[in-house]
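Right, one structure below, let's go through it.
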There are 2 protein chains.
Amino acid sequence: MDVPIAKNRDVKPEEYAELRRALTLISGKWKLEILWLLYHRPHRFGELLRTINGVTQHMLTRQLRELEADGLVTRTVFAEVPPRVEYGMTDATIALEPAIWALMEWSREFGTPARIAAEAKAARD
Amino acid sequence: MDVPIAKNRDVKPEEYAELRRALTLISGKWKLEILWLLYHRPHRFGELLRTINGVTQHMLTRQLRELEADGLVTRTVFAEVPPRVEYGMTDATIALEPAIWALMEWSREFGTPARIAAEAKAARD
DNA sequence: CTGAATCCTTTTAGATACTG
DNA sequence: CAGTATCTAAAAGGATTCAG
């Protein structure tokens, strides 16, 4: 909090695109839940489906495919009957933790609509 | 990096929604550019329009309105002719800096598609 | 058990013209 | 100068059905 970003460096135009891309990678509706569960341990598809409240089979598959394509989860297929698929972390996933943590801290402080509205009002006065 | 989030605490279901909301707040296509410029100093509408490459008047207005509604920018109208409107930071904006910084760090390390793909491949092997 | 295919709704972004 | 009003396009999310 004592380290204003803007005072430290400028941002090149291309970096905005990269930063936006980073946001896109984790902005899927279920991706944070998925990643969080995987931070604890590898999970099977059915485990994720049962654990994540409200997600459909279709959406879970799609979010996992996107995460996999972006290198944020690993997908391991075991040649068994019945089939077993396990999802796990990558180095990129692990490196993402501090950013998620920082966002969660901020969300707890300022993420509440009422609180944010109050802050804005106070700033206007 | 030495502090795995998952090892420290669990996340309540409601917190996922809050975290997703935080992401939504900053996920607009032009919001990061806007916030970054405002971190340096207050800007007028026309200044933002000229400085941010590729944004249209319409989109800039909409993104600013959303940021304002979310308490991430202040909007000050000066009763002058011609009209002058200035946008600035709020406490919530300032508190957001560390999270943006963390995301940008991660993006520089893992945000490149090629790099991410390589990481994923290495993890699979 | 894991997931692909199809169709549909909602959200977000953008282009264009007009205004106090 | 700083917007608003329409309209259109693209992306994201979701329900349902079928399959190795």
Side-chain angles (χ1 to χ4, degrees), chain A residues 13 16-17 19-35 37-38 42-70 72-88 113 124, chain B residues 16-17 19-35 37-38 41-70 72-88 113 124:
Chain A
Y16 287 128
L19 184 47
R20 271 207 306 270
R21 184 173 184 282
L23 284 171
T24 302
L25 298 191
I26 60 175
S27 286
K29 183 164 180 183
W30 310 101
K31 290 184 181 177
L32 290 170
E33 278 91 331
I34 294 170
L35 291 183
L37 291 172
L38 298 188
H43 280 67
R44 296 184 54 174
F45 182 85
E47 269 185 311
L48 294 172
L49 189 60
R50 282 190 305 274
T51 308
I52 299 174
N53 206 317
V55 75
T56 63
Q57 217 174 35
H58 188 197
M59 284 312 297
L60 181 57
T61 300
R62 281 169 53 177
Q63 302 269 292
L64 283 170
R65 286 292 172 284
E66 286 180 19
L67 287 170
E68 186 193 5
D70 291 327
L72 286 175
V73 305
T74 61
R75 180 170 180 271
T76 310
V77 182
F78 294 89
E80 302 173 2
V81 179
R84 180 160 69 97
V85 178
E86 219 172 63
Y87 294 91
R124 274 196 298 276
Chain B
Y16 287 127
L19 186 47
R20 272 207 304 271
R21 184 173 184 282
L23 284 171
T24 302
L25 298 190
I26 60 175
S27 286
K29 181 163 181 183
W30 310 100
K31 289 184 182 176
L32 290 170
E33 279 92 330
I34 294 170
L35 291 183
L37 290 172
L38 297 188
R41 61 174 173 80
H43 280 67
R44 298 183 55 173
F45 182 86
E47 269 185 311
L48 294 172
L49 189 59
R50 281 189 306 274
T51 307
I52 300 174
N53 205 317
V55 73
T56 63
Q57 214 173 39
H58 189 196
M59 284 312 296
L60 181 57
T61 300
R62 281 171 54 177
Q63 301 270 292
L64 283 169
R65 286 292 172 284
E66 287 181 19
L67 287 170
E68 186 192 6
D70 291 327
L72 286 175
V73 305
T74 60
R75 180 169 179 273
T76 310
V77 181
F78 295 88
E80 304 173 0
V81 178
R84 181 160 68 100
V85 178
E86 221 172 61
Y87 294 91
R124 273 194 302 274

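If you're wondering where the values come from, they're calculated on a predicted model, not measured in any experiment.
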May I ask you to say what [X] touches in the nucleic acid, namely base, sugar-phosphate or nothing, with a heavy-atom cut-off under 4.0 Å?
X       : value
A:Arg62 : base
A:Gln63 : sugar-phosphate
A:Phe78 : nothing
B:Arg50 : nothing

Specify the separation, in whole Å, of atom [atom1] of [X] and atom [atom2] of [N].
X       : N      : atom1 : atom2 : value
B:Leu60 : D:dG3  : CG    : C1'   : 10 Å
A:Leu64 : C:dA4  : CG    : C1'   : 14 Å
A:Leu23 : C:dT12 : CG    : P     : 14 Å
B:Leu32 : C:dA13 : CG    : P     : 12 Å
A:Gln57 : D:dA19 : CD    : C1'   : 11 Å
A:Glu33 : D:dG13 : CD    : P     : 12 Å
B:Arg21 : C:dT11 : CZ    : C1'   : 16 Å
B:Lys31 : C:dT11 : NZ    : P     : 14 Å

Tell me whether the OP1 or OP2 atom of [N] has a side-chain N or O from [X] closer than 4.0 Å.
X       : N      : answer
B:Lys29 : C:dG14 : yes
B:Arg65 : D:dG3  : yes
B:Tyr87 : D:dG3  : yes
B:Trp30 : C:dT12 : no
A:Arg84 : C:dT2  : no

**Report entry** Proximity to the side chain of A:Pro82 - top-ranked nucleotide from C:dC1, C:dA4, D:dT4
**Finding:**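 In terms of side-chain proximity for A:Pro82, the closest of C:dC1, C:dA4, D:dT4 is C:dC1.
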Query - Residue B:Met59, side-chain atoms from C-beta onward, closest of C:dG14, C:dT2, D:dG3 - result: C:dG14
Query raised in the report: Does B:His58 make a side-chain donor-acceptor contact with the base of C:dA13, cut-off 3.5 Å?
Result: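 No pair found.
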Requested in this report: Taking B:Glu86 for its side chain and B:Pro42 for its backbone only, find out whether a donor-acceptor pair lies under 3.5 Å.
Outcome: no
Query - Nearest-nucleotide comparison on DNA chain C, the residue closer to the 5′ end among A:Leu49 and B:Pro83 - result: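 Of the two residues, A:Leu49 wins.
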Look up atom [atom1] in [X] and atom [atom2] in [Y], then write down how far apart they are to the nearest 0.5 Å.
X       : Y       : atom1 : atom2 : value
B:Leu64 : B:Leu38 : CG    : CG    : 7.5 Å
B:Arg65 : B:Leu60 : CZ    : CG    : 9.5 Å
A:Trp30 : B:Arg20 : CH2   : CZ    : 6.0 Å

Query raised in the report: Which residue, B:His43, B:Arg75, B:Glu68, forms the side-chain hydrogen bond (donor to acceptor under 3.5 Å, both in side chains) with B:Tyr87?
Result: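 Checked B:His43, B:Arg75, B:Glu68 against B:Tyr87; only one passes side-chain hydrogen bond (donor to acceptor under 3.5 Å, both in side chains): B:Arg75.
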Query raised in the report: Looking at B:Ile34 and B:Gln63, what are the two nearest heavy atoms and their distance?
Result: CD1-CB, 3.9 Å
